[in-house]
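One structure below.
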Amino acid sequence: MLNAMAEFEKTGEFGLIDRIRYQFKTPEGYLGIGDDCAVIPESDGYETLVSTDMLVEDSHFILDRITPYQLGWKSAAVNFSDIAAMGGEPVGSFLSLALPESLASSREWIDEFFRGYKDISERYGFALLGGDTTSSKDKLCINVTVLGRSRRGESKRRSTAVAGDLICVTGTLGDSGAGLDITLSGRDLNLLSDDEIYLLERHCMPTPRIEEGIALARQEKVHAMMDISDGIASDLLHILEESVGLSGASIYLDKLPISQQLKQYCYLNNKNVKALSTGAGEDYELLFTIDQHAEQDLDVPHTVIGRIIGPDDSFDTSCDVTNVNGIVYLENGKITDEKFIGFSHF
Ligand code: ADP
Ligand code: MG
């Protein structure tokens, strides 16, 4: 854990999770609260990975701004992403629905939701193994529990970053945030440009990086890993907090991978591309750290976006960043005083 917790004294969602976490003891040999999945050791040389995520109407989605097919896909995708975050192989899922009467009685809506859920489940090899179906007075609530597995000791954790590591991400950042922006704009979704359709689809139908996660988990030079659900400004702090003996991290703002579609959208709509790519949630790309000398050997497409800093380090080659106790943002090698905030419920 970082010494200078005061730097990012936790409140809101993550403060609440910490209060829960410290009241419950995790059984010996298990990994409990604090990572993308819990890890349960098995006797056959494997370990079982488990995670659960809930999607609540008007908090996570607006019913008339997402199709039932997309919502079925997304409900599974955000959960599969937590298996990807550990580098796990797919096993199965449980799906629980609290349905308002209007949806429960719409056969078309239900069929489309399950078509989306089934397509992504078949695409990645997760079997639907059970769940629960109940009524809700008003809002739709969807809960998915997902199971995966890894060879014993191979799953990647948030807690294993090392000072000097390079920080990497798969794919591009901020697309989903722009998609959310479009969702909330109230605009007619039938009148969007091709770029906007792309961004909206990144938001409504994210890609869990299962294959990339499995490939990264097999490589020892990959140290820590998680998925990006709340933006790197928030998610990277989890790696810093869970790992031992780190001071912080530098992020190279000019190196962040940004899609052409997002650049164009921000240019035309006067949006802050840096805020979207660091602080907007739901990209579901992988955020991982690798040995500082090992980048050339990495065979998974990625972008290096920064560096992990230890308490005594002044080895950031692009800038002298020491004892930062948090995240420092650099632009063209110079420290900026910009601050970015990731997503948190509450
Ligand atoms: P993710 O974004 O990867 O889904 P979260 O930020 O939702 O992870 O959760 C972080 C950790 O806290 C996970 O280990 C999760 O299982 C745990 N957690 C979240 N809410 C609760 C809760 N109400 N009770 C117990 N554990 C929780
Ligand atoms: Mg996660």
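On a predicted model such as this, the values are computed, not experimentally measured, just so you know. Atoms within each ligand, like the ligands themselves, are counted from 1 in listed order.
- The atoms of ligand 1 that sit less than 4.0 Å from any heavy atom of Ser229 are 2 (O).
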Exercise for review: Take Leu31 and Thr26 through the test side chain to side chain contact (heavy atoms under 4.5 Å, CB included) and record every step on the way to the result.
Suggested key: CA-CA 7 Å; Leu31 179 68; Thr26 305; over 6 Å; no

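- Taking atom 19 (C) of ligand 1 as the reference point, the nearest protein heavy-atom neighbour is Ile17 CD1, 3.5 Å.
- Of all the heavy atoms in Leu262 and Ala178, the pair that sits closest is CD1-CB, 3.5 Å.
- Taking the Mg ion (ligand 2) as reference, the nearest N/O/S atom within Asp36 carries the name OD1.
- For atom 11 (C) of ligand 1, the closest non-hydrogen atom of the protein is Gly34 N, 3.8 Å.
- Closest heavy-atom approach to atom 13 (C) of ligand 1 among the candidates Asp35, Val50, Ile20: Asp35.
- In this structure, atom 4 (O) of ligand 1 has protein heavy atoms in its sub-4.0 angstrom surroundings.
- Close contacts of ligand 1 with Ile33, meaning ligand atoms under 4.0 Å from a residue heavy atom, involve 12 (O), 14 (O), 17 (C), 25 (C), 26 (N).
- Of all atoms in ligand 1, numbered sequentially from 1 with element shown, those under 4.0 Å from a heavy atom of Asp36 are 3 (O).
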Practice item. I would like to know whether Lys156 and Val222 meet side chain to side chain contact (heavy atoms under 4.5 Å, CB included); could you show each step before the answer? Key: CA-CA 8 Å; Lys156 296 292 179 189; Val222 176; 4.0 Å; yes

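- Here Asp82 reaches the Mg ion (ligand 2): one of its N/O/S atoms is less than 2.8 Å from the metal.
- Within 6.0 Å of atom CG in Asp194, 12 or fewer heavy atoms from other residues, nucleotides or ligands are found, so the atom counts as exposed in its surroundings.
- Checking only distances, Asp230 never comes within under 3.5 Å of ligand 1, N or O to N or O.
- Contacts with ligand 1 closer than 4.0 Å are made by no heavy atom of Thr52, backbone or side chain.
- Relative orientation of the Phe80 and Phe126 rings is parallel, given thresholds of 30° and 60° on the angle between their planes.
- Within a 6.0 Å radius of CD1 in Ile341, no more than 12 heavy atoms belonging to other residues, nucleotides or ligands are found.
- Aromatic rings from Phe340 and Tyr329 are positioned such that their centres are separated by under 6.0 Å.
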Check your understanding: Do Leu49 and Ser155 pass the side chain to side chain contact (heavy atoms under 4.5 Å, CB included) test, and can you show the C-alpha distance, the side-chain angles, and the key distance before you say yes or no?
Key -> CA-CA 9 Å; Leu49 312 173; Ser155 60; 4.1 Å; yes

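- Which parts of ligand 1 touch Phe14 is read off a 4.0 Å heavy-atom cut-off, strictly below it: atoms 6 (O).
- Protein heavy atom closest to atom 7 (O) of ligand 1, with residue, atom name and distance, is Glu13 OE2, 4.2 Å.
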Review point. Hey, mind stepping through Arg149 and Glu47 against salt bridge (Lys or Arg N to Asp or Glu O under 4.0 Å) and telling me if it holds?
Key: CA-CA 6 Å; Arg149 68 173 201 158; Glu47 50 196 18; over 6 Å; no

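- You'll find the ring centres of Phe288 and His223 outside the 6.0 Å limit.
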Review point. Are Glu331 and Lys255 close enough, and set up right, to give a salt bridge (Lys or Arg N to Asp or Glu O under 4.0 Å), and what steps lead you there?
Key: CA-CA 8 Å; Glu331 190 135 37; Lys255 302 260 169 61; over 6 Å; no

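- Interface of Asp53 with ligand 1, defined as ligand atoms under 4.0 Å from a residue heavy atom, comprises 4 (O).
- Per residue Asp227, closest N, O or S atom to the Mg ion (ligand 2): atom name OD1.
- Counting only heavy atoms, the protein never gets under 4.0 Å from atom 27 (C) of ligand 1.
- Close contacts of ligand 1 with Arg158, meaning ligand atoms under 4.0 Å from a residue heavy atom, involve 3 (O), 8 (O).
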